[in-house]
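To find a chain, count down the sequence lines: A is the first, B the second, and so on, and within it residues start at 1.
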Amino acid sequence: MKNNHQNLSSWGNYPKIINNVINYTHGSSLKNIISKYSNFIPFGNGRSYGDSALNKNIINMKPQNYFLHFDDSSGLLHIQAGVLLSEIIDIFINDGWFLKTTPGTKYITVGGAIASDIHGKNHHIDGCFSESVQSFRLMLPNGKILNCSHNENTELFRATCGGMGLTGIILDAKIYLIKINSIFIDQITVKANNLIEIFKAFETYKEIAYSVAWIDCLAKKENIGRGIFMAGSFNDDGDLTYDKKKKFNIPFTFPSFFLNSFTVKIFNWFYYQRVRKSISKSKVSFDSFFYPLDQINNWNKIYGKNGFTQYQFILPLENSYKGLLEILNKISMAKKGSFLAVLKLYSESNENFLSFPMKGYSLALDFKIEKDLFNLLDELDKLVIKYKGRIYLAKDVRVTKENFEVGYPHIEKFRKLRKEYGLNGSLTSLQSIRVGI
Amino acid sequence: MSYILIIGAKSDVSKELARIYARNNYNIYLAARNSLELSDFANDLSIREKQIIKCLELDILDFESHTSFYNSLLEKPFGVISVVGYLGRQEVAEVDFLEATKIVATNYLGNISLLNIIANDFVKRRNGFIIGISSVAGDRGRKKNYIYGSSKAGFTAYLSGLRNRLQKHNVQVITVKPGFIATKMIKHMATPKLLTAKPIDVAKQIFISQKNNKDILYTKKIWRWIMLIIEFIPEWKFKKMNL
């Protein structure tokens with residue numbers, strides 16, 4: 001296998017560091033490879049936003065991407081961890097199979113999906129990705145391979161799902177797909193004038209499989225929290241012919257000034273106004289509903305060469321409205337614009353030690369990296385803590401140890417497990433060092 | 001659906017060829033030594049492309065086994081692509097005849113042995129294609145690799161004659177002449193990036209050439225012109241050169 005010094009970066013293109021990339025290839029001995037390194041982190045498709053998959057030594061596990069077996073009576077799919085969710089969709093959707101949980105991009109690896117315990121627009125009903133994982137095999141730094149499931153090596157399972165790659169290298173996994181009968185989603189769109197109306201929409205449509213809201217985070221005063229709410233469920237028309245659309249490509253990194261509070265304000269206004277009716281129904285392809293940004297290759301380049309970060313936090317249900325109001329107010333006053341502000345409703349947290357979701361609402365905001373941004377985010381952290389919420393590691397690049405650990409009651413269990421399995425010093429990331437896990 | 005037989009299926013180019021043809025609705029025979037090592041690859045490809053991918057044991061150097069190998073294929077392939085090749089070490093082959101034999105037997109004799117059998121069968125049914133991966137090294141012998149080069153020169157002439165013979169029987173024969181391809185075979189050599197093709201691109205070009213009924217394919221295409229220039233150098237000049 002070839003090593004090279006490269007700039008493998010995350011989706012946010014920040015930070016940019018020089019790393020030693022070790023490319024795993026089929027036929028090579030992973031055990032021998034990792035025995036040579038300390039302070040390494042596995043890397044999938046690089047779609048986490050921050051520094052969770054960045055370190056001095058990076059093991060590129062994407063080549064570990066064979067499909068192993070599919071049982072079409074139970075929907076159980078056995079794949080190596082480097083397989084992309086997009087590949088699973090491409091192969092199985094025409095036969096009426098889909099992922100039980102999918103995030104907003106399909107270009108992540110199965111290993112990454114487990115490591116971030118990702119969730120989608122249906123967490124309020126179906127929970128996290130780990131709910132569809134039957135088991136996976138994990139290689140520890142000493143080369144030992146363990147089978148982990150809800151019943152076997154349970155603690156390790158709970159540490160690995162959401163454990164940001166810090167428990168070992170996920171080799172392969174068995175996940176359940178769900179049966180669908182159409183590639184189309186019946187979508188309901190609600191135009192909401194403020195946050196109360198957004199919350200009302202989530203409440204009204206909480207029995208519907210998938211829901212999400214886009215928020216204009218620069219709206220002020222009586223318009224705070226205005227946005228577009230969308231809910232959807234799979235149609236039943238039997239149409240499973242999926243034709244992949246040609247993607248639009250962002251060919252170069254935009255100049256940093258392109259996205260500023262002025263341009264974002266304009267975009268947000270247009271985006272909000274394009275929905276004319278207060279309630280409307282439509283039939284859209286699953287691709288547009290679940291993965292609107294995937295149709296633009298390299299959309300992260302729009303943020304300029306300094307990159308961007310996504311600030312995603314979640315608040316418990318009882319504090320969600322008040323907390324969101326105060327946070328949105330602070331953001332619009334700071335004039336730091338995000339044209340992507342996404343709100344979702346969640347159900348209870350699971351037993352995984354570092355899994356992000358809890359019963360309540362989460363808001364995700366993209367911010368260009370610029371002066372004073374991190375000061376604003378530190379202040380937002382204080383509000384998140386005040387309202388008993390927490391930060392999502394898969395998006396984070398700057399949260400402090402103190403502000404992070406307050407939100408995760410099981411963090412000591414995670415730290416203890418890392419110690420027990422001798423993981424400290426072998427598996428680390430820039431994020432794990434900063435956040436002390 | 002029809003089968004494509006890939007001989008020497010472990011190479012990077014072979015795997016990319018298997019992917020392309022499977023994606024285009026062909027079943028695949030993957031023939032190689034220790035072919036079980038290909039079973040994970042074959043299984044993955046069969047799930048991805050929903051085609052039948054079979055691993056078959058074949059030793060190109062075991063000439064006597066070639067007839068029974070071909071007879072064992074219940075469904076005969078529509079197309080055959082021979083990717084077997086052994087670069088060998090020139091300096092060893094110059095003094096050790098065993099090394100020279102291995103080079104010539106793999107690249108030339110083994111191909112003759114197997115492709116003769118296949119060609120004779122294809123003549124009877126009057127359709128299909130045979131593709132041989134030769135090399136630009138066969139276009140002119142040079143001191144750095146003339147034992148390898150001469151085996152490829154022989155193979156190129158064989159394919160040319162075969163093409164001539166099979167033309168009236170409606171069987172297509174293609175000669176592929178790669179320059180440098182970024183594979184395991186040359187991983188010890190530093191080759192100029194502009195002249196070095198990627199296995200996936202070579203496979204795509206082979207597929208397109210086969211569909212378009214081409215006879216000879218240079219890959220990368222620029223090698224066509226490089227070799228034209230090299231062939232024009234008069235021998236009195238060439239023999240003094242250090243290419």
| field | B/L45 side, atom CG; A/Y66 side, atom OH - distance, nearest 0.5 Å | value | 9.5 Å
| request: Let me know if A/D90 has heavy atoms under 4.5 Å from chain B in its side chain, its backbone, both or neither. | output: neither
| task | Select one option (side chain, backbone, both, neither) describing which atoms of A/H26 are under 4.5 Å from chain B's heavy atoms. | result | neither
| CZ/B/R48: more than 12 non-hydrogen atoms of other groups inside 6.0 Å | yes
| message | Quick check on A/K179: does its NZ atom have over 12 non-hydrogen neighbours (other residues, nucleotides or ligands) under 6.0 Å away? | response | yes
| request: Using non-hydrogen atoms and a 4.5 Å limit, figure out which bit of A/E87 sits close to chain B: side chain, backbone, both or neither. | output: side chain
| Greater than 12 external heavy atoms within 6.0 Å of B/L243's CG | yes
| message | With a sphere of 6.0 Å drawn around CD1 of B/I222, does it hold more than 12 non-hydrogen atoms of other residues, nucleotides or ligands? | response | no
| task | List the steps and the verdict of side-chain contact (heavy atoms from CB on, under 4.5 Å) for B/I47 and A/F92. | result | CA-CA 10 Å; B/I47 294 174; A/F92 293 103; 4.0 Å; yes
| query | Is it true that atom NZ of B/K76 has more than 12 heavy atoms of other residues, nucleotides or ligands lying nearer than 6.0 Å? | reply | yes
| Does atom NZ of B/K198 have more than 12 heavy-atom neighbours from other groups under 6.0 Å away? | no
| field | B/K50 side chain near A/D95 side chain, heavy-atom distance below 4.5 Å | value | yes
| Shortest non-hydrogen contact from A/L68 to B/N43? | O-ND2, 2.7 Å
